[in-house]
Every structure is written in structure tokens, then in C-alpha cells.
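See below for the structure under consideration.
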Amino acid sequence: MTVWPAADPRGREPIGELTTLQKVTVKCITRGQLDANGMGYGDTYKIDFKGGSGYIDTSTSIQTDDGELSPGDVDEC
């Protein structure tokens with residue numbers, strides 16, 4: 001999965017790639033934004049991972065001890 005430096009990835013370069021089984025800590029969720037033309041970005045999780053922190057798309061499957069994480073389970077940033 002691609003890790004971005006900001007919730008809005010437009011015009012930015014990824015800061016990392018995480019592997020399937022790499023541990024992350026989900027800090028919060030940032031809701032996506034659309035402009036008047038319908039362009040924008042979707043919801044993202046703010047995460048910490050070994051080597052840094054950043055943002056990943058909420059469509060990423062994250063497994064917890066209680067099952068798969070859902071965007072509704074995470075507080076907004």
C-alpha cells in the first residue's frame with residue numbers, strides 16, 4: 001500500500017510503500033474533499049509505521065485483534 005505525506009495526495013510523491021503484513025498504528029481518519037468540479041480525494045487514515053508516519057486510503061484492509069478495521073471505528077483528525 002502506498003503511504004502519502006498528506007491526506008490530499010494530489011501533486012505529491014509517495015513517501016513509502018508498506019507490505020501486506022507490516023504493522024501500523026491508525027491515529028485518526030481525515031475525510032475526503034471535493035472541489036466545485038468534483039475533483040478531490042477520498043477518506044484517508046493517518047498512520048504511524050516503522051520508519052515514519054503518513055496517510056493511506058481507507059479502502060486499505062487493516063486487520064486488528066477484533067477483525068477488520070472500518071472507517072467508522074476511527075476518530076476524525
Side-chain angles (χ1 to χ4, degrees):
M1 80 187 93
T2 302
V3 180
W4 299 95
D8 181 355
R10 297 175 297 172
R12 302 180 197 276
E13 294 293 320
I15 58 171
E17 289 287 331
L18 300 179
T19 61
T20 303
L21 298 177
Q22 192 164 352
K23 289 188 176 192
V24 299
T25 300
V26 176
K27 306 300 264 178
C28 56
I29 187 172
T30 298
R31 298 294 175 193
Q33 302 282 325
L34 293 178
D35 63 21
N37 297 320
M39 301 298 293
Y41 59 95
D43 296 350
T44 56
Y45 292 127
K46 181 174 178 146
I47 62 163
D48 288 339
F49 62 98
K50 185 177 181 180
S53 64
Y55 295 82
I56 59 172
D57 191 274
T58 57
S59 66
T60 304
S61 177
I62 299 175
Q63 296 297 317
T64 71
D65 292 339
D66 298 322
E68 187 171 5
L69 184 68
S70 168
D73 298 333
V74 181
D75 292 334
E76 289 195 30
C77 296

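- By the side-chain hydrogen bond (donor to acceptor under 3.5 Å, both in side chains) test, Ser53 pairs with no residue at all, sequence neighbours left out.
- Listed by chain and residue number, Lys27, Asp48 satisfy the side-chain contact (heavy atoms from CB on, under 4.5 Å) test with Thr25 (two or more places apart in sequence, or in another chain).
- Heavy-atom minimum distance, Pro9 versus Ala7: CD-O, 3.1 Å.
- Residue Val26 is found in a hydrophobic cluster whose other members, listed by chain and number, are Met1, Val3, Ile15, Leu18, Val24, Ile29, Tyr45, Ile47, Phe49, Ile56, Ile62, Leu69, Val74; membership requires side-chain heavy atoms under 4.5 Å apart, directly or through intermediates.
- Within the structure, every pair that satisfies the salt bridge (charged side-chain N to carboxylate O under 4.0 Å, His left out) test and touches residues 10-25, not counting sequence neighbours, is listed here: Asp8-Arg10.
- Under the disulfide bond (SG atoms under 2.5 Å apart) criterion, no residue pair touches residues 44-76, with sequence neighbours excluded.
- Under the disulfide bond (SG atoms under 2.5 Å apart) criterion, the residue pairs touching residues 24-77 are Cys28-Cys77, with sequence neighbours excluded.
- When the side-chain contact (heavy atoms from CB on, under 4.5 Å) test is applied to Ser59, the partners found at least two apart in sequence or on another chain are Asp57.
- By the side-chain hydrogen bond (donor to acceptor under 3.5 Å, both in side chains) test, Gln63 is found to be paired with Ser61, residues two or more places apart in sequence or in another chain being considered.
- The side-chain hydrogen bond (donor to acceptor under 3.5 Å, both in side chains) pairs that include a residue from residues 34-44 are Arg31-Asp43, where partners are two or more places apart or lie in different chains.
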